[in-house]
Amino acid sequence: MSRIDPHSYADAAQPRVRRLDLDLDVDFDRRILSGEAVLSLDGPGEGPLDLDSKGLLIRGVVTDGGAAVPFELAGEEPILGRRLRLSLPSGTRRVAIRYETSPEAVALQWLEPAQTAGGAHPFLYSQCQAIHARTVIPVPDTPALRVSYRAAVTLPEPLSAVMSAGGAGDRPGPRPFTRTFLFEMPQPIPPYLFALAAGRLAARDLSPRARVHAEPEVVAAAAREFDGVEAMIRTAERLFGPYPWERYDLLVLPPSFPYGGMENPRMTFLTPTVIAGDRSLVDVVAHELAHSWTGNLVTNATMDHFWLNEGATTWAERRILEALHGEEAAVLSWAIGETALTQAFERFGAGSPLTKLRTDLLGVDPDDAFSSIPYEKGSRFFALLERTAGRERFDRFVADYIARFRFTSITSEAFLAFLDERLPGLSASVGAAEWLSGTGMPANAPVFRSARLEELTGLARRFAAGARPDPAAVARWTPSETLVYLQHVPRPLPGAACAELESLFGFLAQGNHELLVEGLTIAAASDWERGFGRIRDVLLTVGRMKYLRPLFKALGGHPRTRALAHEIYAAARPRYHALSRRVVETELAAYPA
Ligand code: BES
Ligand code: ZN
């Protein structure tokens with residue numbers, strides 16, 4: 001047996017799955033997908049083939065010749081799910097698995113019409129990263145192995161579907177009032193990049209290769225917000241090489257989506273909270289676009305190397321931002337990241353093994369290990385390499401790295417070996433071993449400072465001592481400047497000070513969710529009653545975990561806000577994604593009702 005990933009039953013000694021042909025029917029009433037997954041091997045295979053599955057009902061398995069394939073579902077393991085072992089007869093090239101998903105599949109959120117902008121039709125979306133593809137498809141669910149796929153997805157009219165794949169047309173479905181949508185993803189991808197969404201969707205072109213999909217009520221605002229996407233793609237191409245996935249489309253989801261964005265290839269999934277009205281939150285798009293190279297093309301081999309995906313991408317995102325908006329904007333973005341990093345160290349403790357870049361997650365659920373550390377510590381490691389080697393040399397290294405490992409999955413050790421090969425001596429001189437295997441933050445971490453940043457944080461820290469920014473100046477601050485300022489305002493504050501902040505920044509009426517949530521976090525921590533209504537609205541609609549965690553944490557400080565938190569959660573729980581529920585319940589456990 002040669003298992004290759006602590007989070008998968010996939011076995012490298014067994015036949016290799018190369019392609020997936022899916023034929024799935026979406027049943028909104030029963031909240032299940034049912035149909036068939038045909039797995040094609042890279043050559044004739046025989047003997048055991050271990051797949052991952054979680055909550056799947058397996059109806060039967062046959063070869064393409066029609067012979068029944070014996071299969072066995074092992075007992076449920078809490079993190080991994082159930083191993084599905086097929087016993088392939090000799091000479092097997094393809095097997096068809098007939099199955100259906102469970103209504104509790106973690107990767108799928110089924111939304112009631114009331115949870116959508118239109119309010120008239122249900123909505124379904126998937127989120128497979130890190131290890132939830134197995135709740136949708138029986139596959140070897142490890143990023144160490146890549147598959148291409150085709151899919152036929154049948155939906156009730158008038159709904160339509162998008163996937164992390166190219167659209168290949170649609171046709172009348174097998175039953176009246178249904179339609180079947182066809183997709184093809186010719187490039188091999190790790191299973192966590194499989195993605196599907198279905199609902200009442202409209203689309204607008206942003207450029208010949210970029211389009212935004214959203215509910216009809218949202219699509220015009222989305223098209224305005226993201227009209228700079230083509231310029232962003234071109235900037236990224238200058239840094240990392242030609243865009244390798246043909247199309248770059250975006251899907252704006254309903255607000256319960258638990259992440260800011262997800263880099264599903266050819267179809268980035270986005271929270272609608274990035275539509276601020278002034279393009280101020282499109283750094284999320286820069287991030288997901290950058291994953292087209294770092295993550296989707298060069299992929300972490302397992303979640304123990306997740307920093308390779310997120311650290312490289314966060315560094316890349318800030319390089320794109322710098323190219324588009326200048327150095328000062330990039331410094332503020334690094335500063336906002338530093339706040340997140342500090343909070344993550346506080347949450348885990350600086351000595352926790354979860355603060356390592358290269359982790360050992362055997363027996364640990366990747367959703368529990370998730371934090372800003374791989375993003376912010378990882379991107380700082382990249383920035384340190386960049387500063388030490390010099391930008392020009394490092395940019396050449398990054399381009400070579402992407403070219404060398406494209407369409408493969410790699411470990412931290414492979415990254416270091418390539419670094420040693422191309423920039424000899426660099427890893428030793430920056431102490432790469434400690435960066436990867438040590439906890440906390442190494443002493444040589446790069447620092448990002450500017451006079452403007454010092455001014456903003458200094459002013460904020462002196463807030464309690466009475467320092468106030470000039471309202472006329474505040475009116476000219478960029479959203480990032482305001483966010484940096486608000487993040488550094490000490491809390492809790494007296495009610496009068498909250499009211500002053502509100503009259504300076506008007507955060508209760510903010511369209512920018514970063515500013516809104518930061519303001520509401522101050523209000524929550526300060527038991528400031530005027531904020532409670534907006535806190536309730538946000539927590540009842542938005543499922544983005546990045547916002548839920550700090551808000552529910554901040555509500556833990558006073559008896560009255562604690563009661564508010566429990567009351568809100570009781571109402572919000574049925575609307576939250578399973579992942580969002582987990583995060584909130586962890587916060588609420590610190591202050592039980
Ligand atoms: N790939 C991540 C989201 C993710 C990570 C989902 C791990 C499941 C498991 C995505 O690229 C991401 O990092 N999103 C961020 C965007 C931000 C850093 C700009 C988010 O959702 O906040
Ligand atoms: Zn990311």
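Remember, it's 1-based here, ligands and their atoms both numbered in the order they're listed. Note that the structure is a prediction, hence the values are computed from the model and not measured.
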Which class fits the ring pair Tyr375 and His287: parallel under 30°, tilted 30 to 60°, perpendicular over 60°?
-> parallel
Would you check whether [X] has a nitrogen or oxygen atom less than 3.5 angstrom from a nitrogen or oxygen atom of ligand 1?
X	answer
Phe306	no
Met262	no
Arg544	yes

Rounded to 10°, how many degrees is the angle NE2/His287-the Zn ion (ligand 2)-NE2/His291?
-> 100°
Does NZ or CZ of [X] lie under 6.0 Å from the centre of the six-membered ring of [Y], at an angle within 45° of the ring axis?
X	Y	value
Arg387	Phe448	yes
Arg544	Tyr547	yes
Arg358	Trp307	no

Candidate with minimal heavy-atom separation from atom 15 (C) of ligand 1, of Glu288, Lys546, His132 = Glu288
Proximal candidate to atom 9 (C) of ligand 1 [heavy atom criterion; set Tyr259, Phe257, Tyr375] | Tyr259
Among Arg3, Arg134, Arg82, which residue meets the side-chain contact (heavy atoms from CB on, under 4.5 Å) test with Tyr9?
-> Arg3
Flag if over 12 foreign heavy atoms under 6.0 Å of [atom1], [X]:
X	atom1	value
Arg31	CZ	yes
Glu327	CD	no
Arg449	CZ	yes

Using a strict cut-off of less than 4.0 Å between a Lys/Arg side-chain nitrogen and an Asp/Glu carboxylate oxygen, indicate whether Arg391 and Glu322 qualify as a salt bridge.
-> yes
Using a strict cut-off of less than 4.0 Å between a Lys/Arg side-chain nitrogen and an Asp/Glu carboxylate oxygen, indicate whether Glu514 and Lys546 qualify as a salt bridge.
-> yes
Considering the heavy atoms of [X], write down every atom of ligand 1 situated less than 4.0 Å from one of them.
X	answer
Phe370	5 (C), 7 (C)
Glu263	1 (N), 2 (C), 10 (C), 11 (O)
His291	11 (O)

Looking only at protein heavy atoms, which one is nearest to [atom], and what is the separation?
atom	result
atom 4 (C) of ligand 1	Gln129 OE1, 3.2 Å
atom 20 (C) of ligand 1	Gly260 N, 3.4 Å
atom 2 (C) of ligand 1	Glu310 OE2, 3.3 Å
atom 10 (C) of ligand 1	Gly261 O, 3.2 Å

Using a heavy-atom cut-off of under 4.0 Å, does the side chain or the backbone of His287 touch ligand 1, or both, or neither?
-> side chain
Touching ligand 1 at all, Gln127? Heavy atoms, strictly under 4.0 Å?
-> yes
Under a heavy-atom criterion of less than 4.0 Å, does Tyr192 contact ligand 1?
-> no
Using only N, O or S atoms, tell me which atom of Glu310 is closest to the Zn ion (ligand 2).
-> OE1
Are side-chain heavy atoms of Glu386 and Arg319 found at a separation under 4.5 Å?
-> yes
